[in-house]
Amino acid sequence: MTDLSLPETPEAPAVAEDGVWLRCIECGHEHAPFDDIVYTCEECDSLLEARYDRYPTFDEFAGRGVWRYSAALPFEEGVTLPEGDTPLHRVPRLEDDVGVRTLRVKHEGMNPTGSFKDRGMTVGVRVAAELGVGRLACASTGNTSAALAAYGARADLETLVLLPAGKVAAGKVAQASLHGARILEVDGNFDACLDVVQNLADRGEAYLLNSLNPFRLEGQKTIGLEILEEFRDDYGRFPDRIVLPVGNAGNTAALYKCFRELVAAGELEPDEVPKLTGVQAEGAAPMVEAIESGAEDTERWAEVETIATAIRIGNPVNAPKALPGIRETGGTAVAVSDDEITDAQRALAHEGVGVEPASAASVAGLRKLRSEGVVGDDEDVVCLTTGHLLKDPDAAAAAGNDPEPVANSTEAVLEHLGIAATAER
Ligand SMILES: *Cc1c(COP(=O)(O)O)cnc(C)c1O
Ligand SMILES: [Zn+2]
């Protein structure tokens with residue numbers, strides 16, 4: 001049975017260490033967090049989540065960035081670059097155009113390696129250090145590998161990344177490469193890469209830092225904490241809805257856990273919980289399919305394709321955590337076309353917010369849901385943009401203006417611009 005509500009007074013089981021333990025979301029079996037390396041339930045192989053003998057309250061948070069929220073995390077500090085504290089942009093023209101009461105854009109592309117993955121890695125790599133592992137590894141559509149390479153370098157640990165050959169944006173490969181990761185290009189998609197890395201981890205050859213790792217999601221909870229705090233400071237209320245791109249559904253699961261912990265702490269009323277609204281690309285939409293059919297888990301899509309390579313995923317590993325998050329908060333999931341994604345990427349860019357294609361899916365999805373009337377004109381909405389424009393320079397150049405060749409003279413430039421040549425000044 002899925003247990004998604006949290007107990008009011010959490011009591012640490014015998015396996016807990018410093019008030020932290022891992023609990024199976026399916027059968028409730030409890031595991032020691034830092035004793036053995038464990039990713040999934042030893043009893044039933046389902047997903048694990050971190051549990052604490054305490055819940056965080058807003059007044060405990062102090063400092064900046066992810067570690068401001070250490071009261072909600074397994075450690076006081078981590079391997080940090082530092083990360084978090086990203087802008088919550090105002091986008092008045094886009095807000096008007098979409099037609100909602102409030103639209104803010106939480107730009108996670110402003111993290112140190114240019115994506116929200118840094119929030120998970122600062123915690124995950126700290127756990128790896130605690131466990132004393134020798135080698136870190138991940139499968140990646142690109143951003144996880146860039147973040148792991150940087151945080152692995154910071155912690156002075158060997159890092160191995162598996163990427164789908166030819167399907168990773170140029171900026172991301174460059175990052176993993178320069179930060180010193182060993183990069184294996186696999187002739188297969190992301191899901192195939194993850195299968196291999198999971199097998200390596202099961203054999204004890206590497207410590208897995210994909211979002212199957214429950215500690216990564218703990219770091220990613222801080223996206224929700226930052227949004228709630230900043231929105232409340234600006235408007236005296238919490239947003240009605242958070243719209244986000246969905247790949248492995250780690251963020252969706254992390255945000256839901258963030259809200260459940262705040263509800264259990266009495267910091268958030270159940271009717272104040274933002275509606276989690278997931279957006280996928282039409283060519284990779286197993287979560288949308290599951291939400292529409294009412295299924296408890298997703299069906300694996302063998303073939304996936306989209307310009308939004310960061311969410312080109314057919315088997316979202318966190319679906320069993322994320323589907324209840326979408327349902328219990330009253331949210332929904334929607335698929336958008338690559339053209340809709342590119343249009344939204346341009347619209348964000350014209351507000352000065354530069355994002356990679358996957359990130360723009362959130363805004364494209366909001367537009368679609370607003371035009372269908374699923375999202376009301378009176379709603380306060382936050383869209384998450386997950387990665388920076390420079391991650392995928394090819395997509396940006398293709399979506400933007402073409403450079404115009406011109407001869408090397410002022411006259412030629414003036415003529416090209418259609419400005420009449422006047423007397424020299
Ligand atoms: C990883 C990633 C996603 C997908 O996030 P999930 O938590 O796996 O759903 C979306 N956008 C970008 C830019 C990413 O790097
Ligand atoms: Zn179990």
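Positions are given from 1, in the same order as the sequence printed here. We count ligands from 1, going down the list as the structure has it; atoms in each ligand are counted the same way.
- Under a cutoff of 6.0 Å and an axis angle of 45°, Arg232 and Tyr235 do not form a cation-pi pair.
- Two residues are said to be in side-chain contact when any heavy atoms from C-beta on lie closer than 4.5 Å; Glu17 and Asp35 meet this criterion.
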For ligand 1, which of its N or O atoms have a protein N or O partner closer than 3.5 Å, and how long is each gap?
| from | atom 1 | to | atom 2 | distance (Å) |
| --- | --- | --- | --- | --- |
| ligand 1 | 7 (O) | Gly250 | N | 3.1 |
| ligand 1 | 7 (O) | Asn251 | N | 2.8 |
| ligand 1 | 8 (O) | Asn248 | N | 2.8 |
| ligand 1 | 9 (O) | Gly247 | N | 2.8 |
| ligand 1 | 9 (O) | Asn248 | N | 3.4 |
| ligand 1 | 9 (O) | Ala249 | N | 2.8 |
| ligand 1 | 11 (N) | Thr386 | OG1 | 2.7 |
| ligand 1 | 15 (O) | Lys117 | NZ | 2.6 |
| ligand 1 | 15 (O) | Asn143 | ND2 | 2.7 |

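- Atom CG of Asp233 is surrounded by more than 12 heavy atoms from other residues, nucleotides or ligands within 6.0 Å.
- Between Phe215 and Phe75, a ring centre-to-centre spacing not shorter than 6.0 Å is recorded.
- Evaluation of the side chain to side chain donor-acceptor pair (under 3.5 Å) rule for Asn210 yields no partner, not counting sequence neighbours.
- Heavy atoms of other residues, nucleotides or ligands lying less than 6.0 angstrom from CG of Asn401 number 12 at most.
- A salt bridge does not link Glu379 to Arg101: none of the charged nitrogens lies less than 4.0 Å from a carboxylate oxygen.
- Residue pairs satisfying the salt bridge (Lys or Arg N to Asp or Glu O under 4.0 Å) criterion with at least one member in residues 109-132, sequence neighbours excluded, are listed as follows: Glu108-Arg119, Arg119-Glu226, Arg126-Glu130.
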Pair Glu83, Tyr151 - check side chain to side chain donor-acceptor pair (under 3.5 Å), show working. CA-CA 11 Å; Glu83 48 293 308; Tyr151 284 81; 2.5 Å; yes
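- Of all protein atoms, those of element N, O or S that lie under 2.8 Å from the Zn ion (ligand 2) number 4.
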